[in-house]
Protein chains: 4
Amino acid sequence: MSTPHPRRGNTRQRIQDVALELFSERGYEKTSLREIAEKLEVTKAALYYHFKTKEDIVISLFQDLAKPCDELIAWAEGQPRTLETKLEVIRRYHEALRSAEPLFRFMQENQAAVRDLSIGETFKARMLTLFGLLKEDDAELTDQVRCITALFSMHAGMFAMQTLEGDPEEKRRAILEVATELVTAANPPSRRRPARPDSAQTASS
Amino acid sequence: MSTPHPRRGNTRQRIQDVALELFSERGYEKTSLREIAEKLEVTKAALYYHFKTKEDIVISLFQDLAKPCDELIAWAEGQPRTLETKLEVIRRYHEALRSAEPLFRFMQENQAAVRDLSIGETFKARMLTLFGLLKEDDAELTDQVRCITALFSMHAGMFAMQTLEGDPEEKRRAILEVATELVTAANPPSRRRPARPDSAQTASS
Amino acid sequence: MSTPHPRRGNTRQRIQDVALELFSERGYEKTSLREIAEKLEVTKAALYYHFKTKEDIVISLFQDLAKPCDELIAWAEGQPRTLETKLEVIRRYHEALRSAEPLFRFMQENQAAVRDLSIGETFKARMLTLFGLLKEDDAELTDQVRCITALFSMHAGMFAMQTLEGDPEEKRRAILEVATELVTAANPPSRRRPARPDSAQTASS
Amino acid sequence: MSTPHPRRGNTRQRIQDVALELFSERGYEKTSLREIAEKLEVTKAALYYHFKTKEDIVISLFQDLAKPCDELIAWAEGQPRTLETKLEVIRRYHEALRSAEPLFRFMQENQAAVRDLSIGETFKARMLTLFGLLKEDDAELTDQVRCITALFSMHAGMFAMQTLEGDPEEKRRAILEVATELVTAANPPSRRRPARPDSAQTASS
DNA sequence: AATGAATGAGGGTTCATTCAT
DNA sequence: AATGAATGAACCCTCATTCAT
């Protein structure tokens, strides 16, 4: 009873793992269920025992990601809309990305494919909510761009991670720093300098 | 001699146009040659008269984009590596993106597909060159991230363009402003705060 | 549960049968998988469940042929290299061809197609081994040609079978007789040549 | 007037040459008109100026071969049906094959393809006529096989040529010798059988 | 919990051929 | 004498999916 069926109830999980790996590595469309099944040494039909469709696998993956995000949003909505809160949102999002990195890489690199995948909308909606949490209600265009850039810079971080040299943790810290900076710049503390990091009198205007 | 496509000589161009449109709209993998052909009211085989493979179509599209980019790189390499030059690089790149917007959206949204498309490497290499032009040789990690973010923010601008409200030209200007800011911050003018956005007096120059 | 092919488990075998029939009848290249599938009343895709490629079907066919041949070679290699052995090789090969006749006809008539079919080499190699078993190590050119002709005459027998009139079994016997004669002639025992046409004095000139 | 159009009226010939080369090298079905055209550095359409169809090219090739064959047949039919004549037929056929070697290799290796190529019948017919010239009218089965084998041994010679070591001319001579022997054996003159393997008393029965 | 066998739709690609110029 | 542009049919192959077992 050792080798024959060494994996018992964890097949569903294993499918998700392998699927995510392949999706993010080779792309959603180019990854076939056959490949997934082969890598798992099961039949394609076995996948269908656990998931109704290919899309269903993605959805299930996405739900794992969604939870931390939703919690973050829920938390933020209970907080005062201060810069402090926003920076904490960035920090937490940055942290959330860590655990969901492959999935985010997948989302990032397969936008076109994801778009008509039913979760596309959901995903975009969540990004917009997050964006709404970061920006002031009446923020100028430039500040809005700053906030979007902050979010995207963390996603795109994946590219940075591959490209830049250096210790991964340090790189992550640098990314967080830049994102923080952008959000800070987008949220001028009160009246002075509507949209510049700090930088007293001279800035934009 | 009017009705049935009077053998206009512009078919190749029309293929490129339609292909780019569909690729960027529905994704590379999900766009079939049949679709392209149907939209053009020609046969699939006609596409093969003009392009050797599906990939060849993408390559041809990419070459149109490559030229402005290469010119920009060539120009920049003949300039002194000053902040002024770098900001001009950003400006010109921003401008280049305007004319190649759909193609960039395609690149951005189909990274996974593009990756093993032979031009994937080329594209990445070009990004790295551009990145090298923007950053100082011994730049800190944070500054490097700033430069990358500047580049990506312009690409991601496509998302911003769809999301944000407002006049397209104004949005573009806002995106350029943020990118400029990031590069400026990444290139501290001399002694004061080697890599921080602020730096009051100097920045506005 | 009767009418629509009740999922008999013999589909693989049936594919091979039909494929061999069509390949040898209409040629490898001219036989499309569609035709095979249609004749079997299954879908093309069904073929791909059983064989990875079209070439794979040929390979599988060839393996059935290869076994008797390999056994023959193995047997012969364990025997003394006498004329007796060689004639027995001819006899057995002649017998082996009987069961593999359609396949040999296919090989014979589709040499060009078979050549770049991966088994091409294998096939040729086997012929060479057989040839090596029939001829003396230091045989004269003429004797070598005799041996090759003996082998080929049995293959080409397929043509003879169609052309000549008469009882199939008698025709087969005639073919065997000529092949035997050729090999005998090619192996003069030393001084007495049991089966050399005649011609002591003249032949060797 | 040198380089621009260096080849004037010889295009038709050049098509035939290249076609024969490719057909016999890669097989009829696997050789596309595109390949032929490319090798000639003309367009496919140019081929259609000179030949009505792909098959037409083969037919034209075959006609070049047919002439020597027909002449041979015509000559033979004017001769007495003696062994001497038959051996001369073999000799001349052997000679004819020399100049038509590639075409014969093509015929030999693409039988399946040639079969439904309209010339298939013609070709077979000619073989049968030749066969009829070699054998006695009331020949025994074994003798008939000898004659067929003689013919085929010369065709199959192509395989022998590649396989055997030695000087090409010597190999050719060896092939002719074996063919001659077979025909001689198949034509016992009545009482003296110059080349009958054995069997004085029995053969004449 | 999973397999074996199959399907229908569609993929990209190649072919021989046509025809106006 | 040859080209440029195109077609229609067919090709091999792969996919996501189904279903009886």
Side-chain angles (χ1 to χ4, degrees), chain A residues 5 7-12 29-37 40 42-57, chain B residues 1 4-12 29-37 40-57, chain C residues 1 4-12 29-37 40-56, chain D residues 5 7-12 29-37 40-57:
Chain A
H5 298 297
R7 33 203 185 260
R8 296 191 319 282
N10 57 338
T11 303
R12 200 190 138 92
E29 324 256 27
K30 290 206 61 158
T31 303
S32 71
L33 295 188
R34 179 178 52 68
E35 281 174 291
I36 297 176
L40 283 166
V42 289
T43 4
K44 268 183 293 175
L47 305 186
Y48 279 90
Y49 178 80
H50 293 283
F51 298 94
K52 256 203 338 259
T53 66
K54 188 183 182 186
E55 182 167 354
D56 246 47
I57 300 181
Chain B
M1 42 116 93
H5 315 291
R7 244 77 164 186
R8 332 121 158 136
N10 56 336
T11 305
R12 198 190 139 95
E29 326 254 28
K30 290 207 60 155
T31 303
S32 73
L33 295 188
R34 180 179 51 70
E35 283 174 290
I36 297 176
L40 284 166
E41 293 181 295
V42 288
T43 8
K44 267 188 293 173
L47 305 186
Y48 278 90
Y49 176 75
H50 294 281
F51 297 94
K52 268 212 313 272
T53 65
K54 187 184 183 187
E55 180 168 356
D56 241 50
I57 301 181
Chain C
M1 46 119 89
H5 315 292
R7 241 78 163 185
R8 332 128 159 131
N10 57 334
T11 305
R12 201 190 137 94
E29 326 254 28
K30 289 206 63 156
T31 303
S32 75
L33 295 188
R34 180 177 52 68
E35 282 173 292
I36 297 177
L40 285 166
E41 291 181 298
V42 290
T43 10
K44 266 186 293 171
L47 306 186
Y48 279 91
Y49 176 76
H50 294 282
F51 297 93
K52 270 213 311 277
T53 65
K54 188 185 181 185
E55 180 168 354
D56 242 50
Chain D
H5 297 295
R7 34 206 185 261
R8 297 190 320 282
N10 58 337
T11 304
R12 198 190 139 92
E29 324 257 24
K30 290 207 64 161
T31 303
S32 72
L33 296 187
R34 179 178 53 67
E35 281 175 290
I36 297 176
L40 283 165
E41 293 180 294
V42 289
T43 1
K44 267 182 295 173
L47 306 186
Y48 279 89
Y49 177 80
H50 293 283
F51 297 95
K52 258 205 337 263
T53 66
K54 187 184 182 185
E55 181 168 353
D56 245 47
I57 300 181

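Fair warning: this is a prediction, and the values are worked out from it, not measured in the lab. Reminder, nothing fancy here: chain letters follow the sequence lines and each chain counts from 1.
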Among residues 45-52 of chain B, which ones have heavy-atom contacts with DNA chain F below 4.0 Å?
B/A45, B/A46, B/Y49, B/H50
Starting at CG of D/N10 and ending at C1' of F/dA2, how long is that distance when rounded to a whole Å?
14 Å
A/K30: partners by salt bridge (Lys or Arg N to Asp or Glu O under 4.0 Å), with sequence neighbours left out:
B/D116
Can you tell me how far OG1 of B/T53 sits from CG of B/L33, rounded to the nearest 0.5 angstrom?
9.0 Å
List in numerical order all residues of residues 29-36 of chain B for which some heavy atom is under 4.0 Å away from an atom belonging to DNA chain E.
B/T31, B/S32, B/L33, B/R34
Reading DNA chain F from 5' onward, which residue's closest nucleotide shows up sooner: B/T43 or C/K54?
B/T43
Measure the spacing between NZ of A/K54 and NZ of A/K44 and express it to the nearest 0.5 Å.
12.0 Å
What's the NZ-P distance between A/K44 and E/dA6, to the nearest Å?
13 Å
Using atom CG of B/L40 as one end and atom C1' of F/dT7 as the other, report the distance to the nearest whole Å.
15 Å
Rounded to whole Å, please give me the gap between CD in C/E41 and C1' in E/dA5.
17 Å
Looking at residues at least two apart in the chain, or sitting in another chain, which of them share a salt bridge (Lys or Arg N to Asp or Glu O under 4.0 Å) with A/E35?
A/R26
B/H50 and side-chain contact (heavy atoms from CB on, under 4.5 Å): which single residue from B/D56, B/I57, B/V42, B/T11 fits?
B/T11
Can you give the dot-bracket line for DNA chain F, using ( ) for pairs inside the strand, [ ] for pairs that cross earlier ones, | for pairs with another strand and . for unpaired bases, where Watson-Crick and G-U count if both distances are under 3.5 Å?
.||||||||||||||||||||
Short side-chain to backbone donor-acceptor contact, D/T43 and D/A45, under 3.5 Å
no
F/dA6 OP1/OP2 closer than 4.0 Å to side-chain N/O of B/T11:
yes
Sorted by chain and number, sequence neighbours left out, salt bridge (Lys or Arg N to Asp or Glu O under 4.0 Å) with B/R34 holds for B/E38
